[in-house]
Number of protein chains: 2
Amino acid sequence: MKTKDNKIPEATIKRLSTYVNYLGRLGTDSNPVISSEILGESCQVSPAQIRKDLSYFGEFGVRGVGYDTKKLEAEIKDILGINHSWPTTVIGVGKLGQALLNFDFFRNHGFRIIAAFDSDPGKIGARITDEISILPTGDIEKTVNEKQISIGIITTPADWAQDVADRLIAGGIKGILNFAPIKVKVPDSIILRNVSITSELDNLAYLLTQKKRQ
Amino acid sequence: MKTKDNKIPEATIKRLSTYVNYLGRLGTDSNPVISSEILGESCQVSPAQIRKDLSYFGEFGVRGVGYDTKKLEAEIKDILGINHSWPTTVIGVGKLGQALLNFDFFRNHGFRIIAAFDSDPGKIGARITDEISILPTGDIEKTVNEKQISIGIITTPADWAQDVADRLIAGGIKGILNFAPIKVKVPDSIILRNVSITSELDNLAYLLTQKKRQ
DNA sequence: CCAACAATGTGATAACTGTCACACAATCGT
DNA sequence: ACGATTGTGTGACAGTTATCACATTGTTGG
């Protein structure tokens, strides 16, 4: 894979994720080849947008024909860096944390959860899978460091999120996905993404209100 | 509230949500007034951006002084349309659905969950709260219609999401927040927002990969 | 072998979003 | 009363992202 330029729009990455997700669901036997037109219809993106998105990274299609479904999926996975397993941990084994721990996605894609933490003494020691049992949050630094964990997913209440983030960073984490409804502060060297459910709902409320007012 | 223009950037709405969230956490007693500088620091947004965002909707501050904390919070809630309760339902009472049902956010903000659905016969009838027990998915149309539910949150597996969306729409739903990892299709009249956890993780993986490669 | 066709890749252009500088209004101290 | 100070509101500008048209390249049928 070659990266022509390093200024790729974030929206492009988001769409690539959509494409690869759809391609993965597609029966490759019945659809060995796919056009930007068809892919765009399924992903609700214009064909031109798809071609533009892909053009940032190279040429993956055949003119007059389309894209080899399986090959395109592999190429995008390579671009996104989900063609191998990222060692991942979940901190906060509440309902949301459990949902993520059970999430099939991780098994099929580029993420491997290898540790889980919680601050509730009642939960510590409980087995999640054969390999994972819940560890106390005090062990975060040590475990992240020892097991070379790259990604931390924070699913604690807001009040704990910053402390957890600090511990992850102390342990040498590379990236954090934060579900807590608060903006945690991290050094520039750490990649941080926030998932704000409240924000999404607020957005929905706004759009509904707009429609009502218009 | 006056809307000067109807072309508000989506990013602005997302940030407004952040602002109001932060303002809500702030002790108004100790901080009766706040400047765009301070608010920006907390929300990790530039002061100019905050003022620009607010300027789309009117003038809420006092020059040389700042913003009345409580008043600004109320104004933004009014803009977003979360100053009243939206009747909401959750479909799919797995771990993620349960997380949302227990989520404090709803109680404090503009959303009131008044029904929950699942397709698992073993779950149907189980009480969530005094008011809510789990209903079969077959009852979605009727319940949404009767209770005038505005917002549906889909937390089912991917395979069920489109069917659930169709039922919600048949019942007269206004907006859908979709957590299922698939793009559901809805008519233009329905507001749809997707929360894609996979997409966020893919994005994280991409950024980590970039850093490694650079 | 060549013409008709199909679908990609991309430069040019338009639309959108964020940044910046500064005019302006309110307050405070003397 | 008034100059100094503070922090908002906004027009102009810069940067970014999406759209469009079409040149390009491979395929297929006669």
Side-chain angles (χ1 to χ4, degrees), chain A residues 1-19 23 31-69 71-73 75-76 79 199 203 206-207 210, chain B residues 1-19 23 31-69 71-73 75-76 79 199 203 206-207 210:
Chain A
M1 196 209 72
K2 54 187 169 183
T3 310
K4 290 181 168 181
D5 196 341
N6 50 3
K7 296 194 301 175
I8 313 294
E10 182 169 319
T12 290
I13 303 304
K14 200 166 188 172
R15 284 189 296 268
L16 286 180
S17 177
T18 309
Y19 307 156
L23 292 171
N31 301 80
V33 170
I34 193 167
S35 67
S36 60
E37 171 112 25
I38 300 295
L39 181 57
E41 212 171 290
S42 307
C43 298
Q44 293 169 55
V45 172
S46 77
Q49 182 73 75
I50 292 182
R51 297 200 298 275
K52 188 65 145 181
D53 286 340
L54 293 173
S55 79
Y56 287 120
F57 301 97
E59 306 188 4
F60 305 109
V62 179
R63 295 177 188 214
V65 179
Y67 301 91
D68 180 309
T69 308
K71 221 168 87 183
L72 182 61
E73 186 190 354
E75 293 277 16
I76 299 179
I79 292 167
S199 172
N203 209 314
Y206 170 74
L207 294 170
Q210 278 305 98
Chain B
M1 195 210 70
K2 54 187 170 181
T3 311
K4 289 180 170 180
D5 196 341
N6 50 4
K7 296 192 302 171
I8 314 294
E10 182 170 319
T12 290
I13 303 302
K14 198 165 188 173
R15 284 189 297 266
L16 287 179
S17 177
T18 309
Y19 307 156
L23 291 170
N31 301 81
V33 171
I34 193 167
S35 66
S36 59
E37 169 112 24
I38 301 296
L39 181 57
E41 212 170 291
S42 306
C43 298
Q44 294 169 56
V45 173
S46 77
Q49 182 73 73
I50 291 181
R51 298 199 298 275
K52 187 66 144 182
D53 285 340
L54 294 174
S55 77
Y56 286 119
F57 300 97
E59 305 189 5
F60 305 107
V62 179
R63 295 178 187 216
V65 180
Y67 302 90
D68 181 310
T69 307
K71 221 168 86 185
L72 182 60
E73 187 189 353
E75 294 277 16
I76 299 179
I79 292 168
S199 173
N203 209 315
Y206 171 74
L207 293 169
Q210 277 306 98

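Chain A is the first sequence line, chain B the second, and so forth, proteins listed ahead of strands; every chain is numbered from 1. Everything numeric here is computed off the predicted structure, so don't read it as measured data.
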Grab the [atom1]-[atom2] distance between [X] and [N] for me, whole Å please.
| X | N | atom1 | atom2 | answer |
| --- | --- | --- | --- | --- |
| A/Ile50 | C/dT8 | CD1 | P | 9 Å |
| B/Asp68 | D/dG7 | CG | P | 16 Å |
| B/Glu37 | D/dT5 | CD | P | 17 Å |
| B/Leu54 | D/dG7 | CG | C1' | 13 Å |
| B/Leu39 | D/dT6 | CG | P | 20 Å |
| B/Ile34 | D/dT6 | CD1 | P | 18 Å |
| B/Leu72 | D/dT8 | CG | C1' | 12 Å |

Separation between [atom1] of [X] and [atom2] of [Y], rounded to the nearest 0.5 Å:
| X | Y | atom1 | atom2 | result |
| --- | --- | --- | --- | --- |
| B/Glu75 | B/Tyr19 | CD | OH | 15.5 Å |
| A/Ile76 | A/Arg15 | CD1 | CZ | 12.0 Å |
| A/Asp53 | A/Thr12 | CG | OG1 | 4.0 Å |
| B/Cys43 | B/Ile50 | SG | CD1 | 6.0 Å |

*With B/Arg51, which residues qualify under salt bridge (Lys or Arg N to Asp or Glu O under 4.0 Å), at least two apart?*
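Salt bridge (Lys or Arg N to Asp or Glu O under 4.0 Å) check on B/Arg51 returns nothing, list empty.
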_A/Tyr67 side-chain N/O to D/dG26 phosphate OP1/OP2 under 4.0 Å_ =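 A/Tyr67 to D/dG26 OP1/OP2: no side-chain N or O under 4.0 Å.
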*Does A/Ser36 put a side-chain nitrogen or oxygen below 4.0 Å from OP1 or OP2 of C/dT8?*
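Checking A/Ser36 against C/dT8: at least one side-chain N or O falls below 4.0 Å of OP1 or OP2.
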*Taking all non-hydrogen atoms of both residues, which atom of B/Ser17 and which atom of A/Ser199 are closest, and how far apart?*
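What the structure gives for the nearest pair is OG-CA, 3.2 Å.
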*Check side chain to side chain contact (heavy atoms under 4.5 Å, CB included) between B/Ile13 and all other residues, then give those that pass, not counting sequence neighbours.*
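In terms of side chain to side chain contact (heavy atoms under 4.5 Å, CB included), with neighbours along the sequence ignored, B/Ile13 is linked to A/Asn203, A/Tyr206, B/Ile8, B/Leu16, B/Phe57, B/Leu80.
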*Sequence neighbours left out, what passes side chain to side chain contact (heavy atoms under 4.5 Å, CB included) with B/Gln44? Give chain and number order.*
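Once residues adjacent in sequence are excluded, the partners of B/Gln44 under the side chain to side chain contact (heavy atoms under 4.5 Å, CB included) criterion are A/Lys183, A/Lys185.
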What N/O pairs connect the protein and nucleotides 24-30 of chain C at under 3.5 Å? Give each pair on its own line.
| residue | atom | partner | partner atom | Å |
| --- | --- | --- | --- | --- |
| C/dC24 | O2 | B/Arg63 | NH1 | 3.1 |
| C/dA26 | O4' | B/Arg63 | O | 3.4 |

Using atom names, set out every protein N or O paired with an N or O of nucleotides 14-22 of chain D below 3.5 Å, distance rounded to 0.1 Å.
| residue | atom | partner | partner atom | Å |
| --- | --- | --- | --- | --- |
| D/dA18 | OP1 | A/Arg15 | NH1 | 3.1 |
| D/dA18 | OP2 | A/Arg15 | NH2 | 3.1 |
| D/dT19 | OP2 | A/Gln49 | OE1 | 3.1 |

Distance-only donor-acceptor hits, side chain of residues 60-68 of chain B, under 3.5 Å, sequence neighbours excluded:
| residue | atom | partner | partner atom | Å |
| --- | --- | --- | --- | --- |
| B/Asp68 | OD1 | B/Lys70 | N | 3.1 |
| B/Asp68 | OD1 | B/Lys71 | N | 3.0 |

